[in-house]
Each structure stands twice: as structure tokens, then as C-alpha cells.
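To find a chain, count down the sequence lines: A is the first, B the second, and so on, and within it residues start at 1. The basis for the numbers below is simple: all heavy atoms, side chains too, and nothing from hydrogens, waters or symmetry mates.
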Amino acid sequence: MAEKNYNFKEIERKWQKKWEEKGIFRAKEGAKKKFYVLDMFPYPSGAGLHMGHAFVFSLGDIFARFKRLQGFNVLYPIGYDSLGLPAENAAITAGIRPEDYTKNSIANFMKQQKAMGWSYDWSRTFKTSDSSYYKWDQWIFLKMLEKGLAYRKKSSVNWCPKCRTVLANEQVVGGKCWRHEDTNVEIKYLEQWFFKITEYADELLSGLDKVYWSQRAKIMQKNWIGKSEGTEILFEVEGEKWPIFTTRPDTIFGVTFMVISCQHPRLFELVKEKQKKDAEKFLKKIKSVSEKEMGEVEKEGVFTGSYAINPINKEKIPIYAGNFVVADYGSGMVMAVPAHDQRDFEFAKKYKLPIKQVISGENVKEKAYAGAGILINSGEFNGLSSDEAKQHVTKALEFKKLGRKKVQYKLRDWLISRQRYWGTPIPVVYCEKCGIVPIPEKELPIKLPEHVKFGKGNPLETNEKWINTKCPKCKGKARRETDTMDTFANSSWYYLRYTDPKNKKRIFDTKKANYWAPIDQYIGGPEHITAHLIYIRFYAKFLRDLGLLKFDEPVLKYFTQGIVHASNGEKMSKSKGNVIEPLDTINKYGTDSLRLALVSSASPDKNTNWDENIVLGSYKFLNNFYNYFSSFNPGKKDARVESKVNSFVREITEDIENFQYNLAVIKIRQLFSFFQEKGADKLSAEIMLKLLYPFCPHITEELWQKFGNKSFLSLQKWPEADEKKINEQFEKEEKVIDDIINDINNVVRIIKDKGKNVSKVYIYSLPNELKLYESYSDAIEKRTGLSAKVYAVNAKDKYDPENKSKKVKPGKPGIYLE
RNA sequence: GCGGAUGUGCCGGAGCGGUCAAACGGGACAGACUCAAAAUCUGUUGGCUUAGUGCCUACAAAGGUUCGAAUCCUUUCAUCCGCACCA
């Protein structure tokens, strides 16, 4: 008989409405222990929600609902990271104003978000493109400026020709733009605004010990920050001292040449007249090489004609320009020790430069020896170990004021200028008399002008009226800064604004912020580890130093979710036409089914391929679930059922806590099957609803009500496992039953293969096991399709034509089939 | 090149020293119910064998530790992801 399909549409709409009306998910500061769950806020694109959104936000929602039931005061907000390029590009290609584009996109997003049933506190939502939000971006900028952490500098910067703006280091991925995988980043020399994130480099590194992130995430950040300890040594070149950085001062007697980066801004100060032509030719060649695909580029260089003096032994050594020295790390120049550094070795071989071994160990004929050892050929340092020599050499240099200990980072200062319109205007003016002048706090926000021309260059430069202003200091003529801030600035503190989103007087109330923050559980993609997650930590430390925050680390736990691909494993994308819209799936199966499906097939941190069958499977399960519980007749308490329930409560709780939703779902299904087989008492049934609730909140809320409960399931308490009720003996008994069913089916197959028919099974059990088999006889009948009869072996009236009861052993009853 | 992760049956994926030919889901196949089913239920799904048995081959490959390994160790191979000349 066909079961009725449950009316998910009606149920889901009903509960979404009720939750909203009653403000079930509103968060209020209080005495309860707080828990801050946060999904990274989305960029509201015109395309609407995609399956990846549906997936990642469901992960957060499940966790938030779970934590609420566990009794925490949960803050689970959402907003829109609405400043950014797509809105501006829509303005260029479709002639839509960025404000309108954003507004429409958000309306569309919201509709879909609500249909997904995510339990946000909607009263706290905001978008970053509101001047009431970006005003505080500007305020932070002014504070940075005040503290000397915002500065302008001319330097080589990354430029994306498609975005037509500069990019931060963190936005360059493998030499390409983060938004344009096919576009090589170009190097330009420009004067730009920077935030001095390197000021916090050390703390950004050490703070990683305080957070509970995956090993992988920590290592990635650690490498990105890239701390190395070494010595800065001054080499004299024609009377001027040039610093270089090395981690191997112990090899200083092995220096046989120097290499300056061919992109070094002061390179031509070193190039002699005689070598100028060669140098220029070389630079041209290098440039054409770097435009080719990446890959192993041979180390190449050219002699500059200049010589440096080795400060330790006064040797005169030639300076080369080379393509393998990074211009903006250290000082852009290195001392080359070919005997003990593989790169220098290769370079020396190519240009036939001397190789001088100064550390004993392996010989250095074929390749450099980069390990430690005992110093040789090193004057008074001979006989020292590498480690000792590092200290001694550095000390000797310090004594002569020609060197010092130094810590060097790979992390660069954060380039925040963008030459685009749809971002936060940087609140400074350029005054003819006073130079760069910050705009006073009380004049914030500096709003984006409505009328600009899109197309070429920075649109802000097209509104003269907006640009021309007065200097706040001297009231003379001044021009506004037309650069806007990187969108990553907007997202570096948004989590704090949620704690006090409507505050007009301050960036946020510090009491509120310090109550809710830091984020206890953050959820987002792996790609944010070396960008957003560094910036958000930097901002937190800065705001702490302003006295606004009482914690050091803004993100205590970080979960990186996987990506949902199309069914063939390709990326879902419009151009490939393989995008599945969450709304379509919801219309077909309901959001509870979709949510369940998204988390049931694989561990949430793994990439998965979309498979509609899984949604269908979830839908079938929920139908069964609904039909079972909507006509539920509670049974008596049964130790067996209670044991199962409690052991599953324990495990499922742990699984959800660890984001192993897939395992939790499997156990929920198993428990439900058990109920179908054995029945359940009322309490067990209610626990079942709670266990499924975080995943499928609508259907469980509905059933909760059907059970006669007046209050919301959303406000109940998460079940706790009663260890005393867990009895492992039951598990063993179940295994015995499974075994006998398997045996019966096996024999049935054999008999059928022989062409005979079977319809009945007789079971002969030891007297002390009789009850067990009797209690399972229904299940045996169901799963074998036979009518079953259970006898004790010693029963006088038993039907046993082949005397199978003789074979009986404990845990293994006799069976006869006919 | 360096660093990290992974490798299980037709597929997705559990298991992480014995109770494992391996949970759960999907697919496929068979049967039941039906006029009929894409619906529901039951079973089968490594091979051979068998009235509930026994054996063989199996958890990327090869070795090793152990009374015993999918699970621990070593090496190799493959895939994925980060950093890629950071001195």
C-alpha cells in the first residue's frame, strides 16, 4: 500500500512563518553562556544562491540549532558583503547602478535564504555598502593613520588588467588574479595606501597556538607569515652601506659574489656605464620570460660592474643582477655562497664564479651542501659549529656596527588601495598646502557620489564636484582621495558589527562586542585561510590595542567546508550550464530533504558531486519518518529501545560537535529503523525528533506539535545520554537475531535453487533463549517473508519432522523450513 | 622542489589491531503487492561451495611488526590541495 507523501511545502512555510513571528532566533545578551556561530557572509551576486551556499550555510545552521538546544545563548547572524567588483561590472555591462544591482541581488538572496529555513537573527542583518556600515571602515582607517599603521608608499604592486586595479599579495594566486584564473598579474610601480600588518607579524604567528583550527590551516598561515631569523649584514659599495639579510652568517667567508634583484628600484645605481647595455638587454629578456607560463626558469644574471666589500674579511666581491632574487623580501639583495646554497651554486656554475667551501660535510662539487657542519677556511672562526658561528659572526659584526640580528617575514604589508568605485572611499584629502590630510571623524561617512561615469579608469575620478573639496585644516583647495578600500577591509570586522548593528555613535558597543565575540565557530572555504583569516586576525589585534576588544583571537574554531561540484565532478558554473538551483530542489523535495541530503553523503569538509538521487533518498526517508510519527502510538518503555537511544544520543552528539554530520545522519537513520522494528515509547520518540531537528527543523517541529506539545521544539533541550541505560548485551543479542535471519535466508535460497518452495520456518531455541526469539519473531517473519514459529527444544508439542532441534547450540537455534 | 591530505566493493563513503567479505546510502538485479507501476515492502549484489557449512581471493603496490592488520611501521606508486627561487 502506497503511503502518502507529506506536505513539505505547507509545513515548511508554516514553521518559517511561526519562527519569524515569535522571534525564536533573536539573540539577546544575557547570563547564559554565549556561543557565536558564523558563516562567512556572502557577496550578493545577481545569480542568486547556488548549491555551495545552500551547503555551507546549512552546515552553520545545523550547528547553530544544535548549540541552541544545548542551552547556549547563540548568536547566528547574516549580512551581505555587498561592496565589490561584480556590482560595478554590472554597471558597466548592463548599465545598472551598483546600488540597484546590490539591492535586487539582496532581495533575491533573502527570499532564498528564508526558504532554506536558516535560523538567522534577521534583526541584525546589514550590508557593507550602506554608508552606515562603511563609515566605520573609514573610522578604522583614520585610527590606523593615527597610529602610524596606514601609510602611502611607492612600490612595485600587483595589477590585474581585467579588474583594472591593484591587488594585495593575498589576492594573487599563483601569479594570477584571484578573480581571473586566466589573467596574469602585472607589476607596476605606483604610490598606494598600505596597512602595516607586518607590525603584528609576530603575534599573528604566535596567536595560532591559541586557536583550535585544523593543522592544515595553521600551517598554511604559518607559511604565509613565513618567519625566519637571521642576520642583517652591511656590505659596503663605494662608500655606501647596503644591507642584506641572511640566515647563514656562518657562511660569510664563502661569499664569492652578491646578487641584487633585477627588479630592485636602485639597481641602476650599481650598474656601471660599461655594463649598462648588457644590463638593459638582460632586463628586457627577463621580462619576456616572465610573461611566459610559469615553470622552472633558469637562474640568470648579469654583472653590474660594481664590487662590494665583505665586512668580515674585506674581500672585494662582484655584484650581479639576478632573476632569482625577490625584490621586496629582505633588502632585495643577497650574499651568494655557492658552496652552501643550491641557487647560488647553479648561478656560480653558469657564470664560472668561484665556489669556496667553508662548512665541512659533504663535498660541493656536484651540488651545494646546505647542512650544518664545522667551519673551515673561515679565519678566526675555524673549528666552530655552524650554530656557534652564527652567534659569533653576528656578534663580531655587531661590534663593528656592520650587522645585527634580524627577524624577517614573508608577510608583506597589506595594500588596501583600489582604483574602483564600489568600495569604501578612503577618508583623506590632498591639500595643496598641507599635503595629505585626514578627514575629521565627525565628518564621516564620506559617501560614494551617485553620479559617476563607468567605463575607463576609476569612476570616482569622473565626478569633479565630489573630488574638489576643502582642506579640513587650512580650508584651502583640496582634492579627495579617489582610491577605495579593498573589500577585505569590510569583512575584517563585520562579525563585531553584528553584535551591535544599529549603533550610530560608535563602531559597536564594547560590552556587547566582548560578550558575543570572539567567534566560537566559524565556517568557510579553505581559500580564505591565507587572506580573510589573516586580515580578520590583524584587525582584531588592532581593535584590541585601541581598547575596544578584550580578546586576542577573533576566530576560535574554523571549519573548512568542501565544494559541491556538478554530478560529473566539474565545477558548477553558468557557462557550463550545470548549475543546480537550490530553489528548484526545494520546490521538488522540500528544504528539509535538501538539507539532509547535502550533509549525508560525505564528510562536510570533503568535496562532493551533486546527485539528485541522494535528495530523493532523503525525501523518502523523511516521508517514512513523517508517516511513522504522525500516526505514532507510544509503546511501553523498553530497556532495549532505551539502550539504543542512549548510546546513539551519545554518539550523535559527538558527531555533530565534530562536524561529522554524515555519521550523525547515518545513526539517526539506523535508530529510526530500529523504532520501526521495535516500536518506541514517547520519550524515545521525542528524543528522536530532537536528534533530527538540527538537520530537518521543519518536519520535526511539525511532528513535535503533533505530539501535543505547545511550545517550540526549537526551544527544547538537547537530550543527554543516560549511560546507565546503555546495555551492550542487547547489541550482542541483535547480532544473534541477524545471524539467524541470514541463516534462514541462506537456506531458503538453497532450497529454492533446487526448485522447491518454502513458506514456513520453525525455530527451536534453548529454553533460556526462547523469549529472545519470540520477541523477534515478527522481525524474522518480515525479513524472511516466511511465517515463523518458535519452539523451545524441550517443548512436547513442537513440530520437528527432521529433528533439527538436536543441532541447537547457545546463540544458535535449530531451524526447519518447509 | 618543499609541505599537507587522501587511496576501501559498481559508485559515494564508514571502519582505524581480533567479533570484517567490510556499517549506511545510492545504483543494479530478483521477488512480493498490483491491471500496471517511476510508489511501497523483502532479498541478492567478490568467487567457488553448502539445509544454516567450508574454502579461496580481497581494503592502491611491495615488504615488515604481531598469535592476529583494511586498521601499526617502512618504501613505492597514484590523486588532490597549498607554497613555489623568501637567501
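Nucleic acid contact for A/Asn323: base, since at least one base atom lies under 4.0 Å from a heavy atom of the residue. Contact annotation for A/Lys620: backbone-only contact, meaning every heavy-atom pair under 4.0 Å involves sugar-phosphate atoms and none involves a base. Within the nucleic acid shown, A/Val748 has no heavy atom closer than 4.0 Å to any nucleic acid atom. Backbone-only engagement by A/Gln670 is indicated by non-hydrogen atom pairs under 4.0 Å involving sugar-phosphate atoms exclusively.
In terms of the salt bridge (Lys or Arg N to Asp or Glu O under 4.0 Å) criterion, residue partners of A/Glu315 (sequence neighbours excluded) are, by chain and number, A/Lys356. Residues satisfying the ring-ring contact (aromatic ring centres under 6.0 Å, His included) test with A/Tyr369, not counting sequence neighbours, are none. A/Asp605 pairs by the salt bridge (Lys or Arg N to Asp or Glu O under 4.0 Å) definition with nothing, not counting sequence neighbours. Taking A/Trp224 as the reference, nothing meets the ring-ring contact (aromatic ring centres under 6.0 Å, His included) condition, with sequence neighbours excluded. Residues passing the salt bridge (Lys or Arg N to Asp or Glu O under 4.0 Å) test with A/Lys667, sequence neighbours excluded: A/Glu651, A/Asp655. Qualifying side-chain hydrogen bond (donor to acceptor under 3.5 Å, both in side chains) partners for A/Asn7, counting only residues two or more places apart in sequence or in other chains: A/Glu10. Residues passing the side chain to side chain contact (heavy atoms under 4.5 Å, CB included) test with A/Ser378 are A/Phe253, A/Val358, A/Leu375, A/Phe381, A/Asn382, sequence neighbours excluded. Considering only residues two or more places apart in sequence or on other chains, A/Lys405 meets the salt bridge (Lys or Arg N to Asp or Glu O under 4.0 Å) condition with none of them. A search for side-chain hydrogen bond (donor to acceptor under 3.5 Å, both in side chains) contacts involving A/Gln263 returns nothing, not counting sequence neighbours.
Remark: the separation of the C1' atoms in B/C80 and B/U34 is 49 Å, to the nearest Å. Comparing the same atom, C1', in B/U71 and in B/A84 gives a spacing of 35 Å after rounding to whole Å. Comparing the P positions of B/A14 and B/G25 gives an interatomic distance of 15 Å, to the nearest angstrom. Rounded to a whole angstrom, the distance from the P atom of B/G4 to that of B/A69 is 29 Å. If you take atom P in B/A21 and the same atom in B/U53, they sit 13 Å apart, rounded to whole Å. Comparing B/C16 with B/C24, their P atoms sit 16 Å apart, to the nearest whole Å. Rounded to whole Å, the C1' atom of B/G27 lies 13 Å from the corresponding atom of B/G9. For B/G15 and B/C67, the C1' atoms lie 23 Å apart once the distance is rounded to whole Å.
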message: Can you give me the dot-bracket string for RNA chain B, 5' to 3', counting Watson-Crick and G-U wobble pairs with both distances under 3.5 Å, using [ ] for crossing pairs and | for partners on another strand?
response: ((((((((.[[[..)..(.....]]]((((((.......))))))(((.....)))...[[[[[..)....]]]]])))))))....

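In summary, the side chains of A/Thr231 and A/Thr394 do present a donor paired with an acceptor at a separation below 3.5 Å, with no hydrogens or angles considered.
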- request: Could you encode protein contacts along nucleotides 3-19 of chain B as a string, one character per nucleotide from 5' to 3', using B for base contact, S for sugar-phosphate-only contact and - for no contact, with a heavy-atom cut-off of under 4.0 Å?
  value: ----------SS----S

message: How would you summarise protein contacts on nucleotides 47-56 of chain B per nucleotide, using B for base, S for sugar-phosphate only and - for none, with heavy-atom distances below 4.0 Å?
response: ---BBBS---

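Where A/Thr530 and A/Tyr329 meet RNA chain B, the nucleotide closest to each residue was compared, and A/Thr530 sits on the side nearer the 5' end.
Checking A/Phe648, A/Tyr626, A/Phe625 one by one against A/Phe672, the ring-ring contact (aromatic ring centres under 6.0 Å, His included) holds for a single residue, A/Phe625.
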